[in-house]
Amino acid sequence: MSRTAAAPAVPTHCPYCALQCAMSLSSPGPAATSAVPEVSGRDFPTNRGGLCRKGWTSAELLAHPGRLTAPLMRADDGELRPVSWEAALQRVAAEVRRAQARHGKDAVGVFGGGGLTNEKAYLLGKFARIALGTSRIDYNGRFCMSSAAAAGTRAFGLDRGLPFPVADLAGADTVLLLGSNVAETMPPFVAHLAGARAAGGLIVVDPRRTATAALADDGAGLHLQPAPHTDLVLLLGLAHVVVAEGLAAHDYLADRAARDTPGEGPDALARSVAPWWPERVQSATGVPATLVRETARRLAQSARTGSCYILTGRGVEQHADGTDTATAAINLALLLGLPGSRRGGYGTLTGQGNGQGGREHGQKADQLPGYRKITDPDARQHVARVWDVPEASIPGPGLPAVELLASLGKPASEGPAGQTKAGGVRCLFVHGANPAVSAPDATAVLAGLRALDFLVVCDFFLSETAREADVVLPVLQWAEEEGTMTNLEGRVLRRRRATAPPPGARSELWIMHRLAALLGAPSSFPEDPREVFEELRAASAGGPADYSGITYERLDAGEALHWPCPAGAPGAGRGQGKARLFLDRFAHPDGRARIVPVRPSTPAGAPAGPAHRPAPALFQLATGRLLEHYQSGAQTRRVASLAAAQPEVRLEIHPASAARLGIADGAWVAVRRAGAAGSADAPGAGPEVRCRAQVTAEVRPDTVFLPFHFPGPGAANRVTEQRTDPISGMPEFKTTRVLVVPLPQDRTGPVPSVRGALPALVPVPSKEAPR
């Protein structure tokens, strides 16, 4: 009796974080009891064959019973009902025309995501600006990489998360890791820290004693535990020691740093850090002066004789001064001679799967493809030629994410001298994001979504944002589509189709193609990913993020291709692109790095938080991720094993603080944003988070921690603020002042949705042509 041969495993990459671990997917065999493809790790420089538990379970979502398989439209009774694709797209096009006829082009907005392929991110930016004619586009990467991107661009003239291959870290004897819990957010990354741990040189900076901080135990390194929002002061203190003790790389600075800009350069930096001697830093941060000196000396010694890297993550970047804090880390790295060196460097750990590529090709409010500035006349003319449209038809800069979301549903108003101030977005497209959970001040965002005239969401599950939509369009999951992604080291990767999608789901490229036709848009909107990528290559050519030398054929042949990778350029610009940036020069016109002195936002540099407040219930709230979950949890909360391991949100609180407030482990508490006075006598009148307490010594007594993966009453972002960094637009996610109050059991019930429950979904046959 013959057996049917199993289909070959399809090589692809994990759909979650920017490490983009390599994996293979195999179709279930004839005797399989499940329709779920089999996942196996694949040897690759970033993950060396390993996967985290999210990666191992990623294929389970492909056969999930909650998968959307037909468009949904809100009916007259307020419920979402299945409809045909033709009806859904006709309705969307009509609502776009209606909103723009009444309120202007910018009444339509687009909110994208850092998990979209390069092709979808590129076409979404083009769709917004050409098919919709709106400037109102931004994406959830604004909540992730914007501060580090702004700091890197300011210092180096170019932003790439890691300007070196992640495998280079294996040779390091010292790694300073600030504000990143890689042991939980990207576990395979930990293998790259083995050399630093063996040399006793893993230095972790985090107010919490995370799983990553624990890696520095037993002589493997140091854990510096500063008070919340004092990372900038700590970095200034480290730079002070380097300067004061003559440890700076003076020859490097003379050769590679600019000096002719007033207020900038090595001399200006030395003056700016002079007030931050270790004992003063200790008083502001709580980090002992001895550890400040020990850390600075270790970094300098390693930079001279070993291999040293400084890496930042969201913990030091998701602040209203996140750009300056990332800049302080870059300044320290420049003092030590690390960026552009073969013996070390500075990098930032990109979070979302395509957080790098997603910000290069037009999703950002101020960017055109190839990481070009939308205000640059030459950039506009180049892209207009590729798109075959008049340059003037490309809108100017839009609004960064927080401002965009704050404008939802806002009517026009009367401004100064009787002038009419334009209203906000009235019709919104959401692709690959769940702002109802992930955005700061999520309650206000939810109110904005409900104030819209029309909301259309593209998703494969009914996320919390999709539940608010007027139309939901079911799209493909990662293993059902072709495309490319760009990982944290700037390496472009192939995403390959490994399984067939449900009959009713469609590619977002197909959706934009159809809608552009219905709207009578100029230019072309291909639905084939290869065709889109060819256009992306042309649009990016000559830009900072040049993909023109990258092709599907080269990627499919297994070439390691990093941007910038120009087509046909001689020398280093040809071949595999640049895995290591800045070896010869930085990206500023003169080839030199910019050293921009920064200072704390409070005059004395002391934390303005609860460490200096008398109210015993007042804390600094930090938000972050858990090992089992990813982003808003819209995917991982649907994986049974992950949800069972972390089924609900819990507030981490120190035992001393819990005892003082009479809070037992597992007891219900309310977390409320503090009022302007920052004390228990001035509580905010806004929303609160309701959850159980987890009493743990892993947080400081002045700090509490909430993961942001959960919706409803337990959504951490109900109490985070809309305050943003003035340079990057990054929200203040890490230091919201909150009150923690014990709750009686009868006050812990769920908050009902004003839109009602979703009925059972019945598939509707589609008469449209196949994809």
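Along the sequence shown, the residues carry numbers beginning at 1.
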Fill in the blank from the handout: d(Ile310 CD1, Leu334 CG) to nearest 0.5 Å is 9.0 Å
Problem - Polar contact flag, side-chain donor to acceptor under 3.5 angstrom, Asp173-Ser307 - result: no
Handout entry: Heavy-atom side-chain proximity of Val182 to Leu177 below 4.5 angstrom
Key = yes
Problem - Presence of salt bridge, Arg673 and Glu721, under 4.0 angstrom - result: no
Problem - Counterpart residues, ring-ring contact (aromatic ring centres under 6.0 Å, His included), relative to Phe143 (two or more places apart) - result: Phe733
Practice task
Consider only side-chain N and O atoms of Arg314 and Thr348, and report whether a donor and an acceptor are under 3.5 Å apart.
Solution key: yes
Handout entry: Whether Tyr252 side chain and Ala257 backbone form a donor-acceptor pair below 3.5 Å
Key = no
Practice task
Rounded to the nearest 0.5 Å, what's the gap from NE2 on His319 to OG1 on Thr724? Could you check?
Solution key: 14.0 Å
Exercise for the section: Evaluate the side-chain proximity of Leu178 to Leu311: yes if any heavy-atom separation is below 4.5 Å, no if none is. Expected result: no
Practice task
Give a yes-or-no answer on whether the side chains of Asp321 and His229 include a donor-acceptor pair shorter than 3.5 Å.
Solution key: yes
Handout entry: Asp168/Arg342 ion pair, N-O < 4.0 Å
Key = no
Exercise for the section: Examine distances only and state if a side-chain atom of Arg585 and a backbone atom of Arg592 form a donor-acceptor pair shorter than 3.5 Å. Expected result: no
Fill in the blank from the handout: Here the pair of heavy atoms bringing Thr325 nearest to Leu235 is O-CD1, 3.5 Å
Fill in the blank from the handout: Here the pair of heavy atoms bringing Leu618 nearest to Ala674 is CD1-CB, 3.5 Å
Exercise for the section: Taking all heavy atoms of Val273 and all of His240, pick out the closest pair and write down the distance. Expected result: O-ND1, 2.9 Å
Handout entry: Distance, nearest 0.5 Å, that separates CZ of Arg293 from CH2 of Trp277
Key = 11.5 Å
Problem - Electrostatic pair Glu184-Arg625, nearest N-O below 4.0 angstrom - result: no
Problem - Residue pair Thr305 / Gln301, side-chain donor-acceptor N/O under 3.5 Å - result: yes
Exercise for the section: Return yes if some donor-acceptor pair links the side-chain N/O of Asp366 with the main-chain N/O of Pro397 below 3.5 Å, else return no. Expected result: no
Exercise for the section: Could you tell me whether the side chains of Thr285 and Gln282 share a donor-acceptor contact shorter than 3.5 Å? Expected result: no
Problem - Euclidean distance, Thr735 OG1 relative to Arg723 CZ, rounded to 0.5 Å - result: 6.0 Å
Handout entry: Donor-acceptor pair, side chain of Asn717 and main chain of Pro440, under 3.5 angstrom
Key = no
Practice task
Report yes or no: do Asp159 and Thr153 form a side-chain donor-acceptor pair below 3.5 Å?
Solution key: no
Handout entry: SB check Arg209 Glu652 (cutoff 4.0 Å)
Key = no
Exercise for the section: Start with the C-alpha distance between Leu399 and Asp138, add both sets of side-chain angles, then the distance that settles side-chain contact (heavy atoms from CB on, under 4.5 Å), and finish with yes or no. Expected result: CA-CA 7 Å; Leu399 299 175; Asp138 208 58; over 6 Å; no
Handout entry: Polar contact flag, side-chain donor to acceptor under 3.5 angstrom, Asn47-Gln20
Key = no
Problem - Value rounded to 0.5 Å, distance of OG1 in Thr350 from CG in Leu162 - result: 6.5 Å
Practice task
Work out which heavy atom in Gly577 is nearest to a heavy atom in Cys565; give both atom names and the distance.
Solution key: N-SG, 3.7 Å
Problem - Side-chain donor or acceptor of Glu732 paired with backbone N/O of Ala320 under 3.5 Å - result: yes
Exercise for the section: Ignoring hydrogens and angles, tell me if any N or O in the side chain of His223 forms a donor-acceptor pair with the backbone of Arg208 under 3.5 Å. Expected result: yes
Handout entry: Value rounded to 0.5 Å, distance of CG in Leu349 from CD in Glu489
Key = 11.5 Å
Handout entry: Side chains of Thr323 and Asp725, donor plus acceptor under 3.5 Å
Key = yes
Exercise for the section: For Gln694 and Phe705, run side-chain contact (heavy atoms from CB on, under 4.5 Å): C-alpha distance rounded to whole Å, both residues' side-chain angles, the deciding distance at 0.1 Å, then the answer. Expected result: CA-CA 10 Å; Gln694 179 178 339; Phe705 173 82; over 6 Å; no
Practice task
Decide yes or no on ring-ring contact (aromatic ring centres under 6.0 Å, His included) for Tyr346 and Tyr309, but give the supporting numbers first.
Solution key: CA-CA 6 Å; Tyr346 163 83; Tyr309 289 85; over 10 Å; no
Handout entry: Asn331 (side chain) donor-acceptor with Ile595 (main chain) under 3.5 angstrom
Key = no
Problem - Any Leu247 side-chain heavy atom under 4.5 Å of Leu336 side chain - result: no
Handout entry: From CA spacing to verdict: side-chain contact (heavy atoms from CB on, under 4.5 Å), Val233, Trp276
Key = CA-CA 8 Å; Val233 172; Trp276 297 106; 3.9 Å; yes
Practice task
Answer yes or no: is there a side-chain heavy-atom contact under 4.5 Å between Gln352 and Tyr16?
Solution key: no
Handout entry: Heavy-atom donor-acceptor pair, Asn181 side chain to Thr212 backbone, under 3.5 Å
Key = yes
Exercise for the section: Mark yes or no: Arg256 above the aromatic ring of Phe586, with NZ or CZ under 6.0 Å from the six-membered ring centre and no more than 45 degrees from the axis. Expected result: yes
Exercise for the section: Return yes if a side-chain donor-acceptor contact under 3.5 Å exists between Glu317 and Thr312, otherwise no. Expected result: yes
Handout entry: Sidechain N-carboxylate O distance under 4.0 Å for Arg594, Asp590
Key = yes
Problem - Test item: Arg197 and Leu215 side chains (from C-beta on) under 4.5 Å apart, heavy atoms - result: yes
Practice task
Could you tell me whether the side chains of Gln356 and Glu360 share a donor-acceptor contact shorter than 3.5 Å?
Solution key: yes
Handout entry: Evaluation steps, side-chain contact (heavy atoms from CB on, under 4.5 Å), between Val671 and Leu739
Key = CA-CA 6 Å; Val671 183; Leu739 302 166; over 6 Å; no
Handout entry: Short N-O contact, Arg700 and Asp702, less than 4.0 angstrom
Key = yes
Problem - For Leu19 against Pro188, the heavy-atom pair lying closest together - result: CD2-CB, 3.8 Å
Practice task
Kindly give the heavy-atom pair with the smallest separation between Ala172 and Val175, and that separation in Å.
Solution key: CB-CG2, 3.9 Å
Problem - Ionic contact status for Arg154 with Asp324, cut-off 4.0 Å - result: yes
